[in-house]
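Single-structure report; data block below.
Just so you know, ligand 1 is whichever comes first in the structure, and atom 1 is the first atom listed for that ligand.
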Amino acid sequence: MMKDTVHLHDKTFRVMIPAAEIDRAVTAVAERINTDYRAKSVPLFIGVLNGSFMFLSDLMKKIDFDCELSFVKLSSYSGTATTGQVRSLIGLNNSIEGRDVIIVEDIVDTGESIEHMVRDLESRKPASISVCTLFFKPASYSKQIPIQYRALEIGNEFIVGYGLDYNQLGRNLKDVYVVTE
Ligand code: 5GP
Ligand code: MG
């Protein structure tokens, strides 16, 4: 059952994107990745924890080529505003040299995190890198890194659900909610 509003900590959120619409967007992006990567040799999906876990789980079920999966962590967010500092990448133990890598993010906002991530991965000599994000905020993005796969584009509002949190709450919601004033 979908609730119209949810309360997390001190804030109220209302439904913005129902699960069915998210599913359609995930399917569309998976089909594009299938087309682009089917002929490549065992691409590697790298999911950025924690926010991407639900998206990546649904995305992978729609991928029809042999692939590998790994998770990394890179945290830069606390509360509803970017803290500005980006921590280093942890969790990548195996070499990615010569691999076709698809980074899977929950949301690309200013692009600070993804730029840091791409630069780090580039230094490890993969064959290629592309970025797949569930949400993209075009009005906020200020970097040059190409974001090839954007499932959904939104404004500068703060959202939760489907893996995304507000101070760790809300990740379990299957619909996406937007904060109310
Ligand atoms: P960026 O470095 O692109 O500014 O921010 C990327 C990170 O900020 C995302 O991976 C996510 O963790 C967090 N973030 C940005 N916008 C939102 C939002 O609307 N909701 C939530 N829950 N997190 C966000
Ligand atoms: Mg993130």
[X]: heavy atom below 4.0 Å from ligand 1, yes or no?
X	value
F158	yes
E157	yes
H116	no
G111	yes

Please verify the inter-ring angle class for Y166 with H9; under 30° counts as parallel, over 60° as perpendicular, anything in between as tilted.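 The arrangement is perpendicular - the two ring planes meet at more than 60°.
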Inspect the contact between E112 and K143 and indicate whether a charged nitrogen and a carboxylate oxygen are less than 4.0 angstrom apart.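 Salt bridge between K143 and E112, a charged N being under 4.0 Å from a carboxylate O: yes.
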Apply the side chain to side chain contact (heavy atoms under 4.5 Å, CB included) test between M117 and each candidate in I46, V131, I145; give the one that qualifies.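 With M117 as partner, side chain to side chain contact (heavy atoms under 4.5 Å, CB included) holds for just one option, I46.
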Taking distance alone, with N or O pairs closer than 3.5 Å, would you say I159 contacts ligand 1?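 Yes, since at least one N or O of I159 sits under 3.5 Å from an N or O of ligand 1.
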For D109, is at least one N or O under 3.5 Å away from an N or O on ligand 1?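 Right, the criterion is met.
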Does atom CG (D66) have a neighbourhood of more than 12 heavy atoms from anything else shown, all under 6.0 Å?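 Atom CG in D66 is not packed in, count stays at 12 or less.
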As an exercise, identify every atom of ligand 1 less than 4.0 angstrom from a heavy atom of [X].
X	result
K137	16 (N), 17 (C), 18 (C), 19 (O)
S113	1 (P), 2 (O), 5 (O), 6 (C)
E105	10 (O)

Is ligand 1 under 4.0 Å from a heavy atom in the side chain of D106, in the backbone, in both, or in neither?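 Answer for D106: side chain.
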Just by modelled atom types, is the L164 backbone N or O under 3.5 Å from a matching donor or acceptor in the D106 side chain?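 No; judged by distance alone, with no hydrogens or angles, the pair does not exist.
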Whether T35 side chain and E31 backbone form a donor-acceptor pair below 3.5 Å: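 Such a contact is found between T35 side chain and E31 backbone.
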How would you list all residue pairs meeting ring-ring contact (aromatic ring centres under 6.0 Å, His included) that involve residues 123-150, not counting sequence neighbours?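 The answer is F136-Y141.
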